[in-house]
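Report on the structure given below.
Atom set for the values below is all heavy atoms of this structure, side chains included, hydrogens, waters and symmetry mates excluded. Each chain gets a letter, A, B and so on, in the order the sequences are listed, and its residues count up from 1. Just so it is clear, the model here is predicted, and its values are computed rather than measured.
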Amino acid sequence: MDISSLLAPLNQAQRKAVAAPLGHHLVLAGAGSGKTRVLTHRIAWLIQSQGISPSNLLAVTFTNKGAGEMKERIENLLATPINAMWVGTFHGLTHRLLRIHWQEAQLPQAFQVLDSEDQYRLIRQVLQNLNLDEDRWSPRKIQWFINSHKDKGLRPQHIEDGDNANTWQMIRIYHNYQDYCNRNGLVDFAELLLRAYELWRNHAPLLSHYQNRFTHILIDEFQDTNAIQYAWLQLLAGDKGALFIVGDDDQAIYGWRGARVENIQQLTQDFPTIGITRLEQNYRSTQIILAAANAVIAHNAERLGKNLWTQDQGGELIQIYRAFDERDEARFIVERSLAWQAQGRARADIAVLYRSNAQSRVLEEMLLQARIPYRIHGGLRFFERAEIKDTFAYLRLMIHRDNDPAFARIVNTPPRGIGDRTLAQIREKAQQAQISLWQATTQLIITRYLPQRAMHALYEFQQLIENITIAIEEFSLPQKIELTLNRSGLLSHYQKDSSERGQSRLENLKELMNAAAQFKPEEPHLNLLSAFLAHTTLESDDNTSSEGWEDCVQLMTLHAAKGLEFPLVFITGMEEGLFPSPKSLDEPTGLEEERRLCYVGMTRARNHLYLIHADQRRLYGSNSCPKPSRFIREIPAKLICELRPQTYTPINSPITHKPEWNLVANNTDFQFGQRVRHHKFGEGTILDLEGEGDAIKIQVNFNQIGPKWLSLTYAKLQII
DNA sequence: CTCCTAAATATTTTT
DNA sequence: TATTTAGGAG
């Protein structure tokens, strides 16, 4: 393949970015403007046309999934594998570094990565050790305190308590937590980044080695980077490294977890030679949808400025539905989804977006009732499920006896008579002798310091672990897991639970063995089992069982929708007090972030966009009568079509499950996909419209007799 | 250890 | 409202 065919499918701006001179370059890429394409083509261009070796490239993506996809696309473009290139998330890449340079990073070779739940448990443990009350010192707050400081590159000794007793105590807890992690070779997510940063900062030869290696650094979703990631990047880039950065300040929606949009502006100051390209032509949405999204985001003051446009003209108006309550909102979505299906369109084309997960329940209920298959994105991830983590805890303990979190998790799972009292004694011993829980247990058994029963149970437990360790040695990865499940009694423990939950647990364990069978390591530095364990904490893989999801309506939060697109999008709960969320209104930047979230949601839609708000909503048990979201009012009236409910309850039918609503619009036409009733043919769905004025004809697919053309002037059609 | 009741608590989430 | 969790009784 030659260069011209690499650049040929691109528009002018995209081409400018892809073939930009070999220096720093910043691409401000609006939604749907083909940013992934630019990034992959840039990499292909560097390799192919500039003769740069893949081993000189480092590419950073926001998610692991994104990393996999990017690699695949580049390999397709070049028709050759590019294994020498490093592609991954910040966490994935720093983890890789730390595995290679564990000695310089002052970590044990077998260091373990803690996920958020592990971290949370550990913090609670530390609080207990310090004799602090959980009600006074909320573990969640502490977790946030620790992570947000690590995200800024701050160790406990760098934080000023400002003569505040509260802060002083928090710092003390952070300190204790960190000491514990260091003693036990535990590394949380934020620590991966901070450690890797310090590794380079403190080891000049190492840094210059990587500076020489990675001469071209490419980063996606830059608006979501935090301070430590930026600092890490600055180190790596040094004086010579060329940065190619892609981002969109209007899609920065992770400020609440430390992401800094300002990093984009910072970049232009720190790297003054940086070239800038704006990608503003959108290939996704209709002109109407873009105009509406542009109008909303224009209300933000803090912007670099960008205006999306499309070659297409017109499109369907943004439909606003004012529902009676959250059930009516869901009912409306069901109705429209059925109509969509009746047109022969795929359910997977439909996305239902909401601000908070709690809103999904009513939607699920109604979809279930209407027998519409749906899929919820997000929620509990596969590798975070309790049964999976229990299994891993056994494996971890077998690899490394001193793994305290693993020990604590499974000493009594399944129950084997080792209660809280016994565990507390083990903990006390461990703390006082500065040894691991496992060692403390051994000590307690030797000194016969415990009641007979507990001692016996503990002895049995240790024997169990020793025995399984030996037993599984020679087996393959999935067999190891299976044996562990059997011998530990975990499997029969879960089998005893015949509830629906127990069933799904067993299925998950089966799925786990599948995943293990398919696992191929990319880390040569670890044995297979350790590599698999590290992989699973770093990759949340929500597509583990993606095959089962044929054609489903897609339900997800607005955050989870970033990067996706759908022909038909519903944004629900467009109400003050829900979206924008009241908690965001405390700080001025909060509202702007909510508005960006709205912008992200709207720009997910290709052709049809529905914004729904309810007059009344029950959330967390209490009722409220919210006002429509300000974001709706920020859309120019001419882009909107309002669908309003009319007469609520007819006098002669006291119970109406389906409130009737009607189309009241400047636009008196019927719409595609709408349900109508004919006095003779019954109910049906509008498939097509033809002609103008009096000659207008309409095709309706009736439930009983199938599709039929009718003249609108004669057929008295009633919208239902 | 298991079962029960009472209490707390619920924005967004990838790594 | 509903779901998870902590604590107490049996």
Side-chain angles (χ1 to χ4, degrees), chain A residues 60-67 88-96 113-119 124 134-135 138-140 143-144 147 150-151 187-194 196 221 224-226 228-229 252-259 326 353-362 364-365 377-381 383-384 386 412-422 453 457 493 496-497 501 534-542 556-563 573 577-586 590 593-594 596-598 600-601 617-624:
Chain A
V60 189
T61 57
F62 188 58
T63 64
N64 286 305
K65 201 171 152 216
T89 60
F90 278 106
H91 292 88
L93 295 167
T94 49
H95 175 246
R96 196 165 169 178
V113 181
L114 297 177
D115 69 16
S116 325
E117 194 207 333
D118 299 334
Q119 186 187 35
R124 293 184 61 188
E134 270 190 28
D135 294 333
S138 139
R140 287 263 164 253
Q143 190 174 23
W144 185 85
N147 288 338
K150 285 191 179 185
D151 282 347
V187 175
D188 60 51
F189 286 134
E191 183 74 18
L192 285 171
L193 303 172
L194 183 47
E221 306 279 14
D224 294 322
T225 52
N226 63 31
I228 190 74
Q229 290 164 342
I253 53 175
Y254 287 103
W256 52 273
R257 63 173 204 216
E326 73 282 349
L353 311 182
Y354 36 82
R355 177 68 244 261
S356 72
N357 284 310
Q359 289 169 253
S360 75
R361 183 164 304 134
V362 191
E364 283 184 78
E365 268 171 35
H377 293 251
L380 240 197
R381 287 169 202 298
F383 291 121
E384 285 168 7
N412 204 33
T413 314
R416 47 174 74 87
I418 301 166
D420 289 345
R421 263 199 70 74
T422 311
R453 247 171 70 162
H493 174 64
K496 265 187 266 168
D497 184 355
R501 192 137 141 209
H535 167 89
T536 54
T537 47
L538 241 39
E539 312 236 342
S540 58
D541 262 358
D542 82 335
M556 67 194 89
T557 62
L558 286 151
H559 283 89
K562 194 175 77 160
L578 193 60
F579 187 32
S581 144
K583 290 194 178 159
S584 70
L585 298 180
D586 301 340
E593 183 153 311
E594 293 287 303
R596 292 193 291 267
L597 194 54
C598 182
V600 167
R617 181 175 297 272
R618 204 165 49 207
L619 203 60
Y620 303 138
S622 53
N623 257 328
S624 64

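In this model, the phosphate group of B:dC1 is approached by a side-chain N or O of A:N412 to a distance below 4.0 Å at OP1 or OP2. Checking the phosphate oxygens (OP1, OP2) of B:dT12, a side-chain nitrogen or oxygen of A:N357 falls inside 4.0 Å. At B:dT15, one or more side-chain N or O atoms of A:N64 fall inside 4.0 Å of OP1 or OP2 (strictly under the cut-off). Close to B:dT11, at under 4.0 Å from its OP1 or OP2, lies no side-chain N or O of A:S584.
Listed nucleotides B:dA10, B:dT15, B:dC1 differ in distance to A:P415; the shortest reach to its side chain belongs to B:dC1. When the nucleotides B:dT15, B:dT11, B:dC1 are ranked by their closest atom to the side chain of A:L538, B:dT15 comes out on top. Among the nucleotides B:dT11, B:dT15, B:dT13, the one closest to any side-chain atom of A:F189 is B:dT15. Considering only the side chain of A:W256, B:dT12 comes nearest among B:dT12, B:dT15, B:dA10. Among the nucleotides B:dT13, B:dT11, B:dT15, the one closest to the side chain of A:R257 is B:dT13.
Distance, A:D420 CG to B:dC1 P: 9 Å, rounded to whole Å. We find that CD of A:E539 is positioned 7 Å from P of B:dT15, with the value rounded to whole Å. Atom CG of A:L353 is separated from atom P of B:dT12 by 14 Å (rounded to the nearest Å). The distance from atom CE of A:M556 to atom C1' of B:dT11 is 17 Å, rounded to the nearest whole Å. Atom CG in A:D118 sits roughly 16 Å away from atom P in B:dT15 (whole-Å rounding). Atom-to-atom, CD of A:E384 to C1' of B:dT13 comes out at 9 Å; the value is rounded to the nearest Å. Rounding to whole angstrom units, CZ of residue A:R140 and P of B:dT11 are separated by 11 Å. The distance between atom CD1 of A:I253 and atom C1' of B:dT13, rounded to the nearest whole Å, is 10 Å.
Listed by first residue number, the stems of DNA chain B with at least three Watson-Crick or G-U pairs below 3.5 Å are B:1-10 with C:1-10.
Each of A:I418 and A:F62 was assigned the nucleotide of DNA chain B with the nearest heavy atom; the assignment lying further toward the 5' end belongs to A:I418. The nearest heavy atom of DNA chain B to A:Y620 and to A:P414 marks one nucleotide each, and the one closer to the 5' end goes with A:P414.
Residue-level contact check: A:E191 touches neither bases nor backbone, having no heavy atom under 4.0 Å from any strand. Residue A:R416 is in sugar-phosphate contact alone, with no base atom involved, counting any heavy-atom pair closer than 4.0 Å across all strands shown. The residue A:R124 sits close only to the backbone: its heavy atoms come under 4.0 Å of sugar-phosphate atoms, none of a base.
A distance of 4.5 Å separates NE2 of A:H559 from CD1 of A:I253, quoted to the nearest 0.5 Å. Taking CG of A:N226 as the start and OH of A:Y254 as the end, the distance is 13.5 Å to the nearest 0.5 Å. The distance from atom CG of A:L192 to atom NZ of A:K150, rounded to the nearest 0.5 Å, is 9.0 Å. Rounding to the nearest 0.5 angstrom, the gap separating the CD1 atom in A:I228 from the CZ atom in A:F90 is 11.0 Å.
With a heavy-atom cut-off of 4.0 Å to chain A, the contacted part of DNA chain C has its first and last nucleotide at C:dT1 to C:dA6.
Checked by atom type, the side-chain pair A:Q143/A:Q119 shows a donor-acceptor distance below 3.5 Å.
Checked by atom type and distance alone, the side chain of A:E191 never pairs as donor or acceptor with a backbone atom of A:L114 at under 3.5 Å. Panel note: side chain A:S581, backbone A:L578; no donor-acceptor pair is recorded below 3.5 Å.
Listed here is the closest heavy atom pair of A:T89 and A:N64: CG2-N, 3.5 Å.
On the P atoms, B:dT12 is 16 Å away from C:dT5, given to the nearest whole Å. Rounded to a whole angstrom, the distance from the P atom of C:dT4 to that of B:dT11 is 16 Å.
Ionic pairing of A:E593 and A:R596 is present here: one or more N-O contacts between side-chain nitrogen and carboxylate oxygen are shorter than 4.0 angstrom.
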Would A:D115 and A:F383 count as a side chain to side chain contact (heavy atoms under 4.5 Å, CB included) here? Give the steps. CA-CA 10 Å; A:D115 69 16; A:F383 291 121; over 6 Å; no
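Scanning atom types as modelled, one donor and one acceptor separated by under 3.5 angstrom connect the side chain of A:S116 and the base of B:dT15.
A:E134 pairs by the salt bridge (charged side-chain N to carboxylate O under 4.0 Å, His left out) definition with A:R124, not counting sequence neighbours.
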